[in-house]
2 protein chains.
Amino acid sequence: MVRTSNARQDAVEAAVRLFRTQGYSATGLTQLLEESGAPKGSFYFHFPGGKEQLALEALQVFGSELRSRIQRRAAATATGDEPAFIRALFEATARELEASDYTAGCVASNLGGELSSGNRTIADAVNAAVQSWVEAIADGVANRFETRAAATTYAATIMASLSGMRTMARAQRSTAMFAAIADVLVSSLPSTPGNKSGSDTN
Amino acid sequence: MVRTSNARQDAVEAAVRLFRTQGYSATGLTQLLEESGAPKGSFYFHFPGGKEQLALEALQVFGSELRSRIQRRAAATATGDEPAFIRALFEATARELEASDYTAGCVASNLGGELSSGNRTIADAVNAAVQSWVEAIADGVANRFETRAAATTYAATIMASLSGMRTMARAQRSTAMFAAIADVLVSSLPSTPGNKSGSDTN
DNA sequence: ACCATATTATGGTGATTGCCATAGTGTACC
DNA sequence: GGTACACTATGGCAATCACCATAATATGGT
């Protein structure tokens, strides 16, 4: 194993950025290589699987970065502090959208929307990324639930809301709703294991 | 106003179908016209604005159809029956995904993901469609809230979760989580105006 | 110096992209 | 029968698409 050249990594990073803002099909290899500075001539040396392989790797990079960020916040969550954890997830997404002028989409969401109907490989990778986020969220709220399954269900609700909100906020160019929606979801967080607040009245 | 030819409508309907399953950029005009049976020669007669105009109209058709469906369910919701309304929304989405073998995406979500960064016109149309759905949902749960704003916030949470769940379920090829997630969201529905269940404990 | 391998340049493949100009056909109204 | 208009066929535009074959270069170890 020898070394050198960040062309490969540059290409993957550019793919993450472009797939987030404009999706898969709208991103041409030419634009991708131009923006990354990576040489065009070596693309199929680094990615013999072509554009699909690049998408898989971009998905994996984006997936594990986001998972780490969630895990970091989950680990920093003290017992009883779970509402702050949930609110922080929404807050972070809102901030990212604002900082990017509402261009920061989600690689998984975009690839899924364009490809998961016809490409099982991509669909599986999208699913794997999303599930890793759900599990990371579940870790952060597990103390509030009696069973892991219940925590995972709640985490999936958070994940779905975050994803949907990102889409809505991009179109709206506003993050005004994020805090209020975090509150709604916090309100369905059980206050203590086995005592699911709110659910008793319905 | 004279007459004839369903070519225009056929094209819009095909656009809805294809933009749902594979998004905007991956859908070529050729494929679109082939599948719709609409003649190629008359495309720019019917849509002088080109592909973007077609997207706008597809979005509008998809938007108002979905809005009607939500409104129908909202109107059929008796006071006190709001949890059933929420559950029905998730149930309907799950059924649609199953029936389509998980190809049934959302036009707004796909167009938004690919275009809302660079095309303000499309972004506005996406936002308008989504807001119309949020308002329709808010109508169905308004009785549970003291203010319209609170109902809208809750409705936006439902909308975001539905959107995110659709994306997740397509990749996962499973609707297993829908019912449980509906339950989580029902649990944050106030039991009576002004008494927001669950929120008092956090 | 030599070789093996890693990386890139060059140039092009055929196919497809969205778009459009021109001409022609169909039907309806007078 | 003639005019007006709705609609479609044809053919081709330049540009881009993903992809690849071949050859050149760079860089490491020996």
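Below, chains carry the letters A, B, ... as their sequence lines are ordered, and counting in each starts from 1.
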List the atom pairs, donor and acceptor, that lie under 3.5 Å between side-chain atoms in residues 156-163 of chain A and the rest of the protein, sequence neighbours left out.
from: Thr157(A); atom 1: OG1; to: Thr153(A); atom 2: O; distance (Å): 2.9
from: Ser161(A); atom 1: OG; to: Thr157(A); atom 2: O; distance (Å): 2.9
from: Ser161(A); atom 1: OG; to: Ser161(B); atom 2: OG; distance (Å): 2.7

Polar atom pairs (N or O), protein with nucleotides 22-25 of chain D, under 3.5 Å:
none

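- Salt bridge status for Arg20(B) with Glu96(B): present, with a side-chain N to carboxylate O gap under 4.0 Å.
- The environment of Arg148(B) atom CZ is dense: over 12 non-hydrogen atoms of other residues, nucleotides or ligands sit within 6.0 angstrom.
- For the pair Phe47(A) CZ and dT8(C) P, the computed distance is 11 Å after rounding to whole Å.
- Per the geometry, OH belonging to Tyr44(B) stands 15 Å off C1' belonging to dT8(D), to the nearest Å.
- Residues passing the side-chain hydrogen bond (donor to acceptor under 3.5 Å, both in side chains) test with Ser117(B), sequence neighbours excluded: Arg170(A).
- To the nearest angstrom, P of dA9(C) lies 13 Å from CZ of Phe45(A).
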What nitrogen or oxygen pairs link the protein and nucleotides 12-14 of chain C at under 3.5 Å?
from: dG12(C); atom 1: O6; to: Lys40(A); atom 2: NZ; distance (Å): 3.4

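- Among residues at least two apart or in separate chains, there is no ring pair (Phe, Tyr, Trp, His ring centres under 6.0 Å) pair with a member in residues 82-129 of chain A.
- The CG atom of Leu54(A) sits 9.0 Å away from atom CZ of Arg8(A), with the distance rounded to the nearest 0.5 Å.
- Comparing dA18(D), dT8(D), dC19(C) by their closest approach to the side chain of Lys51(B) singles out dC19(C).
- Spacing between atom CG of Leu18(B) and atom P of dG18(C) amounts to 12 Å, rounded to whole angstrom units.
- Listed in residue order, the members of residues 25-36 of chain B having a heavy atom less than 4.0 Å from DNA chain C are Thr27(B), Gly28(B), Leu29(B), Thr30(B).
- Taking atom CG on Asn6(B) and atom P on dC7(D), their separation rounds to 10 Å, with Å as the unit.
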Side chain to side chain contact (heavy atoms under 4.5 Å, CB included) evaluation trace for Asn110(A) with Glu114(B): CA-CA 7 Å; Asn110(A) 286 346; Glu114(B) 300 180 56; 5.7 Å; no
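- The ring-ring contact (aromatic ring centres under 6.0 Å, His included) search around Phe62(A) returns Trp133(A), not counting sequence neighbours.
- Closest non-hydrogen pair, Leu97(A) versus Arg166(A), comes out as CD1-CA, 4.2 Å.
- At least one side-chain nitrogen or oxygen of Ser42(A) sits closer than 4.0 Å to the OP1 or OP2 atom of dT8(C).
- In this structure, Arg120(A) has no side-chain hydrogen bond (donor to acceptor under 3.5 Å, both in side chains) partners at least two apart in sequence or on a different chain.
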For residues 171-182 of chain A, which side-chain N or O atoms pair as donor and acceptor with protein atoms under 3.5 Å away, sequence neighbours left out?
from: Arg173(A); atom 1: NH2; to: Asp101(A); atom 2: OD1; distance (Å): 2.8
from: Ser174(A); atom 1: OG; to: Ala176(A); atom 2: N; distance (Å): 3.0
from: Thr175(A); atom 1: OG1; to: Glu98(A); atom 2: OE2; distance (Å): 2.4

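- With sequence neighbours left out, Thr77(A) forms a side-chain hydrogen bond (donor to acceptor under 3.5 Å, both in side chains) with no residue at all.
- The residues Arg17(B) and Glu13(B) are annotated as not salt-bridged, no charged nitrogen and carboxylate oxygen being separated by less than 4.0 angstrom.
- Between its two ends, the helix from dA15(C)-dT16(D) to dC30(C)-dG1(D) turns its axis by 20°, counting five pairs per end and rounding to 10 degrees.
- Considering every non-hydrogen atom in both Arg67(B) and Ala136(B), the closest pair reads CG-CB, 4.2 Å.
- Of all nucleotides listed (dG18(C), dT8(C), dC19(D)), dT8(C) comes nearest to the side chain of His46(A).
- There is no side-chain donor-acceptor pair under 3.5 Å between Gln131(B) and Glu135(B).
- Of the possible polar contacts, one joining the Thr147(B) side chain to the Ala150(B) backbone as a donor-acceptor pair under 3.5 Å is found.
- Summary for the helix from dA1(C)-dT30(D) to dT13(C)-dA18(D): the axes at its two ends, each from 5 pairs, differ by 20° when rounded to the nearest 10 degrees.
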